[in-house]
Amino acid sequence: MSATPYAPDLTAGSAPTSMRPALAGLKHMISAGHYLATQAGMDVLQAGGNAVDAGVAAGIALGVVQSDIVNFGGVAPILVYQAQTGKVWSISGLGPWPKATSLDTFLQKHGGTIPAGVLRTVIPAAPDAWITALERFGTMSFGEVAAGAIRLAREGFVMYPLMAEVLAENAKNYARWPSSAAIYLPGGKPPAAGDVFRQTDLAASIQYMADEERTRQGEGRLAGLAAARRAFYEGDIAAAIVKYHKEQGGWMTAEDLRDFSVEVDPALATDFRGTRVHSCGFWCQGPSLLQMLNIIEPRDLHALGHNTAPYVHLLTEAIKLAFADREVHYADPRHTTVPQLELLSKAYARARLALIDNDRAGPDMPPAGRLPDARDIAMREAGPDDMARTDPRLDTSYVAVVDKDGNAFSATPSDGSYNIPVIPGTGICASGRGSQSWAEAGHPCVVGPGRRPRLTPNPSLAIRPGQYVMPFGTPGGDVQCQAMLQTFLNMEIFGMDVQQAIEAPRFATFSFPSSFEPHNAMPGRLMIEDLINREVGDQLAAMGHTVKWWRDRSWRAGAMCAVRHDLTTDIRWGGADPRRPAYAAGW
């Protein structure tokens, strides 16, 4: 299935193995962060829906079966590939701060931090992103694609170990708000693995949108979708959000919700040795993956050997350089001048590559490129024993789909429920993604009316003309682009199949400010899954990296999902990460 000229690399030891097989389908394939969301999308594909219909179905379902880490009222950046036109589109799926937002509130009352609660709310974007995807690229109604999610919320699902662990660890956080505790601490305690978990208010909210759509069904599909959107942004759900914010001192107004819409733009892309890799815009961290690929492209990666010390070192240093640029230059392009062309240019990448010492770890946080509006990076260091920084925030999931016509869908829905209250009576949290802004005057991602935070969730999609189309992505906060880079190279350079590439041991650096409040850093920290040889870690430590180990395949290293459509055989291959409850399915 691989287009790479290389056989699986044996340099680092034995041939790559996987716990699961790569799945193959002749008609369609889907891979998502939870197996029930995969099933919801599969049902839509089997009913004749296209990749977008199925991806939206799975994405909404993720907000039910992973509502600890994905929220129906959260964010949902999307990439869509149209096989007929060959174009890749980005749907922003990220809302801005309300118009009444005040930076001074955070500076004067909260010591320059952005506290948990309603004050970190930005306008919920996921519902509009899902509906916009259906309008522009789908074939089904909102009610049809949301049916699986509604059923899972109303009838419930069996609580699984990872979600049970998250709920238990955050019990005190959920207890802060009665509306959240009523759902996530039923009977005063978090549900245990094996319990049936129901979210009847959430089911009613999504059903209300479907019902409002149905009242306009005689006017056509688009009129129905518009009615579903109004139900959220102007109807009873909007009224509940505004009422709660008014009572709790939040900033959200009816006008903020009514006037919001996501953006649809051509996706960004770079060429990596003949493969076009796409991302959303500089309002998210997605372009950093493109920068990483540009930086390492001239090097003979295959000769270095898979997961050898020189290979891990090179990728780590490239990641640090790309993230240095992310910290200084990435922001909402509607409010900040972003040197987009320069950041993605090959000449700039070569200059960045020249900064890497092959034998020694570079600065803990290397300088950003001196492009327009460059600024110095202020580092807030975490304590030496603070492992929370290397436990990426458990919010975000992912879904990839390729349909019978070759269309592809890639989305990374997100927003946890443990740091922002449930809006009473709705089962929905209004997006707490304000945690990825900075309460710091002059910062490119500063809090402000109409400004979007710099988002970590970022779907990707790779196309090698005439050979394959592959949507891929992962949760994991600042680990996302790092895991995506390694998985992509596992296939592109080392000849692994999609499942082998996903399961291969990974590593991640944390030598940069966290994207999450309070934005602390762990200079030099390099986490490595202990499936990589300990001698590799010793060699990296000798180079100057501060090496620590993750045990086995760790959920902290991401949860990759990918679907790879082989254009020469027309087979769709699917892989999903056993590090979390992700699964693929095809036909």
Side-chain angles (χ1 to χ4, degrees), residues 52 55-56 59-60 62-63 67 69-80 89-99 101 118 120-137 142 146 205-206 209 225-226 228-235 237-238 241-242 245 250-265 280-286 331-335 395-399 409-417 420 423 426 428-437 445 447-459:
V52 174
V56 171
I60 296 174
L62 287 170
S67 63
I69 59 175
V70 178
N71 203 272
F72 181 73
V75 299
I78 299 168
L79 293 177
V80 175
W89 296 94
S90 163
I91 300 175
S92 59
L94 170 64
W97 286 91
K99 294 176 183 176
T101 298
V118 294
R120 63 170 51 174
T121 302
V122 298
I123 298 172
D128 189 46
W130 301 134
I131 292 170
T132 298
L134 293 173
E135 285 177 335
R136 292 284 297 266
F137 309 107
F142 176 83
S205 292
I206 304 174
M209 295 173 66
L225 290 170
R229 176 188 285 108
R230 286 194 300 272
F232 187 95
Y233 290 95
E234 300 179 49
I237 298 173
I241 294 172
V242 171
H245 269 246
W251 289 314
M252 195 73 68
T253 67
E255 291 73 23
D256 288 319
L257 291 164
R258 180 198 65 205
D259 296 342
F260 173 71
S261 61
V262 296
E263 296 178 340
V264 182
D265 297 297
C280 296
F282 280 88
W283 44 265
C284 74
Q285 69 167 331
D332 187 345
R334 300 183 305 190
H335 294 269
D395 70 342
T396 308
S397 195
Y398 178 76
V399 55
F409 181 92
S410 183
T412 314
S414 189
D415 281 2
S417 55
I420 194 161
I423 303 299
T426 68
I428 296 168
C429 295
S431 178
R433 193 49 61 165
S435 62
Q436 295 196 311
S437 290
C445 297
V447 170
R451 301 178 71 101
R452 290 175 291 183
R454 191 195 71 213
L455 189 65
T456 46
N458 70 106

R452 and P333, any side-chain heavy atoms less than 4.5 Å apart: yes

Please report the interatomic distance CZ(R451) to OG1(T101), rounded to the nearest 0.5 Å. 11.5 Å

Any Lys/Arg nitrogen of R229 or E234 sitting under 4.0 Å from an Asp/Glu carboxylate oxygen of the other? no

CG-CZ distance between L225 and F142, expressed to the nearest 0.5 angstrom: 9.0 Å

Would you mind reporting whether R433 and T456 have side-chain heavy atoms less than 4.5 Å apart? yes

How long is the gap from NE2 on H245 to CD1 on I423, to the nearest 0.5 Å? 5.0 Å

S431 and side-chain hydrogen bond (donor to acceptor under 3.5 Å, both in side chains): which single residue from T121, N71, D415 fits? D415

Salt-bridge criterion met for R454 and D332 (N-O under 4.0 Å): no

Option from N458, L455, T396, L79 for which side chain to side chain contact (heavy atoms under 4.5 Å, CB included) with T412 holds: T396

If we ignore angles and hydrogens, is there a donor and acceptor under 3.5 Å between the side chains of S92 and W283? no

CH2-CZ distance between W130 and F232, expressed to the nearest 0.5 angstrom: 13.0 Å

Could you verify whether a donor N or O on one side chain and an acceptor N or O on the other, from Y398 and S410, lie under 3.5 Å apart? yes

F260 and P124, any side-chain heavy atoms less than 4.5 Å apart: no

For W89, does the six-membered ring have the charged nitrogen or CZ of R136 within the cation-pi criterion, i.e. under 6.0 angstrom from the centroid and within 45° of the normal? yes

Qualifying residue, where the test is side chain to side chain contact (heavy atoms under 4.5 Å, CB included) with I206 and the options are T426, I428, I60: I60

